[in-house]
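Note sheet for the following structure.
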Number of protein chains: 4
Amino acid sequence: MRKRDREATRARLLEAARLRFAREGYDATSVRDIAADTGVDASLIFRYFGSKKQLFDEATAAPEIPLDLLDGPEDELVARMLRSVVFTDWTKYGGEHPLVAMLRSSAHEDTRQRIRREVCDTYVRALADLAQGDDAELRAELLSAWLVGIGILRSVVATPALARAELADLAPHLATVATGLLGRPMAGSSER
Amino acid sequence: MRKRDREATRARLLEAARLRFAREGYDATSVRDIAADTGVDASLIFRYFGSKKQLFDEATAAPEIPLDLLDGPEDELVARMLRSVVFTDWTKYGGEHPLVAMLRSSAHEDTRQRIRREVCDTYVRALADLAQGDDAELRAELLSAWLVGIGILRSVVATPALARAELADLAPHLATVATGLLGRPMAGSSER
Amino acid sequence: MRKRDREATRARLLEAARLRFAREGYDATSVRDIAADTGVDASLIFRYFGSKKQLFDEATAAPEIPLDLLDGPEDELVARMLRSVVFTDWTKYGGEHPLVAMLRSSAHEDTRQRIRREVCDTYVRALADLAQGDDAELRAELLSAWLVGIGILRSVVATPALARAELADLAPHLATVATGLLGRPMAGSSER
Amino acid sequence: MRKRDREATRARLLEAARLRFAREGYDATSVRDIAADTGVDASLIFRYFGSKKQLFDEATAAPEIPLDLLDGPEDELVARMLRSVVFTDWTKYGGEHPLVAMLRSSAHEDTRQRIRREVCDTYVRALADLAQGDDAELRAELLSAWLVGIGILRSVVATPALARAELADLAPHLATVATGLLGRPMAGSSER
DNA sequence: CATGAATGAGGCTTCATTCAT
DNA sequence: AATGAATGAAGCCTCATTCAT
C-alpha cells in the first residue's frame with residue numbers, strides 16, 4: 001500500500017517532468033514546477049531521483065521503440081520513421097517527438113550525447129542497412145538529418161507549409177528523396 | 001588595464017555574448033560569464049544594452065547575408081546554401097551556423113519566432129521561387145528542413161559520418177535531393 | 001539553532017519587518033536587514049510573503065482598532081483618540097502610532113492611499129458624526145489633522161515641549177480645540 | 001564665461017534635485033534621475049556637491065523666510081503661517097511646503113533634525129512670543145502641530161474635504177483654534 | 001521513511017561613486 | 001576642469017538542495 005503510493009508518486013513526477021522538460025527545456029524548468037504539477041513537495045524529487053539532472057535523465061530516457069518501426073516491410077521503413085517523427089501522438093512529450101523536444105535542452109553536452117546515441121542507434125543504423133554503396137552510413141545520416149529537420153521546422157520553428165501538412169502531402173516527396181538517397185525504391189507511406 | 005573606449009568595450013561584450021549564447025544557450029549563460037570573458041564588470045552590460053535579453057537580441061541578430069548567397073547562378077543556389085550552413089567559418093558563433101546555434105535557446109518562444117522569420121525570409125522564399133508546381137512552398141520548406149537537419153546532425157548532434165564529411169562528399173547527394181524536390185536540375189556544388 | 005516552526009518564524013519575520021519599516025521606512029529597509037534581525041535566511045521572506053512589498057503590506061496592515069476607541073462616551077472621543085495616538089504603547093511599531101510611522105514610507109503613492117483610507121475611515125468619520133453644522137467633514141478633518149500633527153511633532157520631529165508632555169498637560173488644550181472645532185463641549189481626557 | 005556655465009549648471013542641478021527630493025523622497029531619488037533631468041552626466045554631481053547626501057542637504061536647505069511672515073500684524077501671524085503652508089505656490093518644491101515635502105525623507109534621523117530645527121526656530125518661536133501663560137511653548141507647538149497636520153492631510157494624505165478647501169473655508173476655524181490656544185484674539189485671515 | 005522548513009549560492013539589475021583621459 | 005567609462009557593493013528574488021523533525 002505504502003509501496004504502491006511511492007511508486008505512483010514517482011511515476012507522476014516522472015510524467016510531469018517529461019512534459020516540462022520537453023516543452024520548456026532543462027534550464028527553464030524548475031524542480032518546483034514539476035513538484036507543483038504533481039502536487040507534492042519538491043524535496044521528494046531529491047529523495048526519489050537524487051538531483052534535477054538525474055530526474056531529467058530518467059524522464060527523457062529513450063522511449064520504447066515501437067516494434068513495428070523496425071519490423072515492417074523494408075521499402076516502407078522511411079515512411080514509418082516519418083510517421084513516428086511527425087504523425088504520432090506525442091502528447092506525453094508536449095506534442096513533439098522526444099528527440100525534437102530534447103533539442104530544447106541541447107545547450108548541455110550531455111543531452112547532445114544522448115540525442116546522438118539514439119539517432120545513431122535507432123535511425124541511422126536501420127537506414128544504413130538498407131542503403132547501397134560504400135558511403136551507406138553518410139547517406140543514412142543524410143536521410144536522418146532530413147527527418148530531424150522536418151520535425152524541427154514543423155514544430156519548433158513552425159514554418160507555415162510544413163506546420164499544416166498532412167502525411168499524404170509529404171508522401172510523394174518522401175518517396176522521391178528516400179529513393180534518391182538510398183539508391184533503391186522506397187514507398188512514401190505505408191498502406192495502413 | 002583596458003583602454004577606456006566605449007565602442008571597443010561594447011564590441012567586445014557583444015563578441016563574448018555571441019559566443020556564450022551560441023555555445024551554451026540563453027538560460028545557461030549568465031551576464032557575469034559574459035562580463036568575465038570580456039574582463040569588465042557585469043553592470044556595464046546594463047549600461048550598454050539595457051538587459052540580458054536585449055544583449056541576446058543584439059548578439060544573435062541575423063548576420064549579414066553574403067551577397068553571393070542569393071545572387072549567383074540559380075542551379076547552384078542550394079549548393080551555396082549548404083556551404084553557408086556547414087562549410088563557412090562560423091567561429092564567431094562558436095563554430096555553427098547562427099540559426100543552428102540559436103536552437104539551443106529555442107526554449108523561448110521569442111527565439112523560435114526569430115528563427116522562423118529568418119528561415120522563411122531567407123531560405124524558404126528563395127527556394128520557393130525556384131520550385132515548380134503548386135506545392136512549391138512545401139517543397140522549399142522540405143529542402144530547408146534538410147539543410148537545417150544537416151546542420152544539426154553535423155554539429156549539435158555530431159553524428160560520425162556527417163561530422164567528418166567534406167563538401168565533395170555531400171555534393172552528389174545534394175544534387176540528387178535538390179533536383180528531386182525542386183523538380184529541376186540542380187548542381188551539387190559551385191565550381192569555386 | 002531555531003525551532004523549525006513555520007508560523008513562529010513567519011511571525012518573527014513580521015515583527016522584525018514591522019519595526020524596521022516603521023523606524024526606517026520602506027526604501028531604507030532591506031529584506032536582508034529583516035532576515036538578519038530574525039536570524040534566518042533572506043529567501044524565507046519570499047517563500048512566506050512573496051515579495052518585499054507584500055511583506056510591507058502585511059506588516060503595516062492597520063492594527064486592530066481598540067473597541068473602546070469608538071464605543072465610549074461621545075464627549076471623550078477626541079481624548080481617546082489622542083491617547084491612541086500619543087499615549088499608547090506602540091513599541092511594536094518602533095514607538096509611534098502606525099499611521100505616523102507609515103509617513104516615513106509616504107514617498108510611495110500606495111502608502112499614501114493606505115494612510116488616507118485609515119485616517120478617513122476611522123478618525124474623520126467618527127469625528128464627523130459628532131460635529132454640528134454643514135462643513136462637519138472639514139472640521140472633522142481639521143481635528144484629525146491636529147492629532148496627526150501632534151503625533152508627528154512629538155515623535156518624528158521631536159519638538160521639545162511636546163516630546164516631554166504628559167496627557168494631563170495636553171488635556172485642557174485638547175478640550176478647548178475640540179470644543180471649538182466640533183461646536184459642542186468635549187472633554188480633554190477620560191477619567192481612566 | 002566658463003565660470004558662468006559652471007554656476008548655471010550647478011543651479012540647475014540644485015533645482016532638479018529640489019524637485020525630485022521633494023516629490024519622491026531621498027531614497028527613491030537617484031543621482032542619475034537628477035542628472036538626467038538637468039541633461040548632464042551624473043559625475044558632475046560629485047564634482048560639484050561631493051555626494052548625494054550633500055546635494056540633498058543643499059537642495060533642501062531652508063528656503064528664505066518671506067519677510068512679511070514674521071513682520072506683519074501680530075494678530076494675523078497664524079493666518080500668514082497657514083497661507084505659507086497651504087496657499088503658497090511651492091511649485092519649486094513639487095507643490096508642497098518644503099517642510100511637508102521633507103517628511104517624505106524623514107526615514108533619516110538627519111532629516112528629522114533639520115525639520116525640527118526649522119519648525120522650532122521659525123514657527124514655534126514666533127508663536128511662543130505671542131502666547132500668554134506659562135506653558136506658552138507647549139501651546140505654540142500645539143498650534144504648529146496643527147499647521148503641519150493640515151499640510152500633511154491636505155497634500156500627502158489628500159483627505160477629501162481639506163484637499164479642496166479654500167483659504168476662506170479654513171479662516172473661521174483657524175481663528176477659533178488660534179484664539180483658543182494662544183489665549184488672545186487672533187484673525188483667521190489677513191485682509192490682503 | 002516522509003515532510004516541509006531552512007539554506008546559501010547565484011540570478012538580473014540599479015545604485016552611488018571613482019578614475020582615466 | 002570636465003567628461004564619461006568603469007566599478008563594486010548591494011538591491012530583490014529564484015534556484016537546487018539539505019536537514020531537522
Side-chain angles (χ1 to χ4, degrees), chain A residues 2-3 5-6 9 26-35 40-56, chain B residues 1-10 13 27-35 38-55, chain C residues 1-10 13 27-35 38-55, chain D residues 2-3 5-6 9 26-35 40-56:
Chain A
R2 274 281 119 187
K3 178 93 171 301
D5 278 7
R6 180 189 166 101
T9 301
Y26 182 81
D27 291 309
T29 297
S30 78
V31 297
R32 285 184 136 83
D33 288 339
I34 297 168
V40 305
D41 189 273
S43 62
L44 267 192
I45 287 177
F46 298 90
R47 272 198 74 67
Y48 290 169
F49 301 95
S51 71
K52 178 185 179 182
K53 181 61 170 53
Q54 285 172 273
L55 170 59
F56 176 78
Chain B
M1 190 62 37
R2 286 282 173 181
K3 291 237 316 276
R4 296 207 158 206
D5 181 334
R6 181 188 172 95
E7 284 315 313
T9 303
R10 222 189 102 100
L13 280 168
D27 290 313
T29 297
S30 80
V31 298
R32 281 178 182 145
D33 290 338
I34 297 169
T38 311
V40 302
D41 189 274
S43 63
L44 265 194
I45 286 177
F46 301 92
R47 254 183 95 61
Y48 290 162
F49 301 95
S51 70
K52 178 185 181 185
K53 181 59 169 53
Q54 284 172 274
L55 171 59
Chain C
M1 191 62 38
R2 287 285 174 179
K3 293 237 314 281
R4 298 208 157 205
D5 179 333
R6 180 188 174 95
E7 285 315 313
T9 302
R10 223 190 101 102
L13 280 168
D27 290 313
T29 298
S30 80
V31 299
R32 280 177 183 146
D33 290 337
I34 297 169
T38 310
V40 302
D41 189 275
S43 64
L44 265 194
I45 286 177
F46 302 94
R47 253 183 94 62
Y48 290 162
F49 301 95
S51 71
K52 179 186 179 182
K53 181 60 170 54
Q54 284 173 273
L55 170 59
Chain D
R2 275 279 119 189
K3 178 91 169 305
D5 279 8
R6 181 191 164 100
T9 302
Y26 182 83
D27 292 308
T29 297
S30 79
V31 298
R32 285 183 137 84
D33 289 337
I34 297 168
V40 304
D41 189 273
S43 63
L44 266 194
I45 287 177
F46 297 91
R47 269 197 77 65
Y48 290 169
F49 301 95
S51 72
K52 179 186 180 182
K53 180 62 172 50
Q54 286 171 273
L55 171 59
F56 176 78

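Within every chain, numbering begins at 1; the chains are lettered A, B, ... in the order of the sequence lines, protein sequences first and strands thereafter.
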Review item, nucleotides 9-11 of chain E N/O atoms under 3.5 Å of protein N/O:
{"from": "dG11(E)", "atom 1": "OP2", "to": "Arg32(B)", "atom 2": "NH1", "distance (Å)": "3.4"}

Task: Atom-pair distance (CZ on Arg6(B); C1' on dT21(E)), nearest Å - done: 16 Å
- [ ] Quickly work out the Ile45(A) CD1 to dC15(F) C1' distance and round it to whole Å.
- [x] 12 Å
Task: Below 4.0 Å: OP1/OP2 of dA1(F) and any side-chain N or O of Tyr48(D) - done: no
TODO: Write down the distance between CG (Asp27(D)) and P (dT14(E)), rounded to a whole number of angstrom.
DONE: 17 Å
- [ ] Would you kindly give the CZ-to-P distance between Phe56(A) and dC15(F), to the nearest whole Å?
- [x] 17 Å
TODO: Just jot down the side chain to side chain contact (heavy atoms under 4.5 Å, CB included) partners of Arg47(A), sequence neighbours excluded, or say none.
DONE: Leu44(A)
Open item on the list: For DNA chain F, report each stem as range with range, ordered by first number, or say none. Use Watson-Crick or G-U wobble pairs under 3.5 Å, at least 3 in a row.
Closed with: E:2-21 with F:2-21
Task: Least distance between heavy atoms, Ala35(C) atom then Ala42(C) atom - done: CB-CA, 3.5 Å
TODO: Taking the side chain as every heavy atom from C-beta outward, state whether Glu7(C) and Thr9(C) have any pair of such atoms under 4.5 Å apart.
DONE: no
TODO: Only counting residues at least two apart or in another chain, list the ones meeting side chain to side chain contact (heavy atoms under 4.5 Å, CB included) with Ser43(C).
DONE: Asp41(C)
TODO: Would you check if the side chain of Lys52(A) reaches a backbone N or O of Phe46(A) as a donor-acceptor pair within less than 3.5 Å?
DONE: no
Task: Upstream residue (5' side of DNA chain F) when Arg47(A) and Arg10(B) are each assigned their closest nucleotide - done: Arg10(B)
Open item on the list: Please tell me if Thr9(C) has a side-chain N or O lying less than 4.0 Å from either OP1 or OP2 of dA6(E).
Closed with: yes
Task: Distance, nearest 0.5 Å, that separates CG of Leu13(B) from OG1 of Thr38(B) - done: 4.0 Å
Task: Whole angstrom value for the distance that separates P of dT13(E) from NZ of Lys53(B) - done: 11 Å
TODO: Measure from the side chain of Leu44(A), starting at C-beta and using heavy atoms only, and say which of dT3(E), dA5(E), dA20(E) lies closest.
DONE: dT3(E)
Open item on the list: Distance check needed: dC15(E) P versus Leu55(D) CG, whole Å only.
Closed with: 15 Å
Open item on the list: Taking any heavy-atom pair under 4.0 Å as a contact, classify Phe49(A): base, sugar-phosphate, or nothing.
Closed with: nothing
Please tabulate, for the side chains in residues 27-34 of chain B, all donor-acceptor contacts under 3.5 angstrom to protein atoms that are two or more places apart in sequence or on a different chain.
{"from": "Asp27(B)", "atom 1": "OD1", "to": "His108(B)", "atom 2": "NE2", "distance (Å)": "3.2"}
{"from": "Asp27(B)", "atom 1": "OD2", "to": "His108(B)", "atom 2": "NE2", "distance (Å)": "2.9"}
{"from": "Thr29(B)", "atom 1": "OG1", "to": "Arg20(B)", "atom 2": "O", "distance (Å)": "3.3"}
{"from": "Thr29(B)", "atom 1": "OG1", "to": "Gly25(B)", "atom 2": "O", "distance (Å)": "2.8"}
{"from": "Ser30(B)", "atom 1": "OG", "to": "Arg32(B)", "atom 2": "N", "distance (Å)": "3.3"}
{"from": "Ser30(B)", "atom 1": "OG", "to": "Asp33(B)", "atom 2": "N", "distance (Å)": "3.1"}
{"from": "Ser30(B)", "atom 1": "OG", "to": "Asp33(B)", "atom 2": "OD1", "distance (Å)": "3.4"}
{"from": "Ser30(B)", "atom 1": "OG", "to": "Asp33(B)", "atom 2": "OD2", "distance (Å)": "3.3"}
{"from": "Asp33(B)", "atom 1": "OD2", "to": "Ser30(B)", "atom 2": "N", "distance (Å)": "3.2"}

Open item on the list: Between dA5(F) and Arg4(B), counting only base atoms on the nucleotide and side-chain atoms on the residue, is there a donor-acceptor pair under 3.5 Å?
Closed with: yes
TODO: Can you measure from CZ (Arg10(B)) to CZ (Phe49(B)) and round to the nearest 0.5 angstrom?
DONE: 4.0 Å
Open item on the list: What is the separation between atom CD on Gln54(D) and atom C1' on dT17(E), rounded to the nearest whole Å?
Closed with: 13 Å
Task: d(CZ, Phe46(B); P, dA6(F)) in whole Å - done: 16 Å
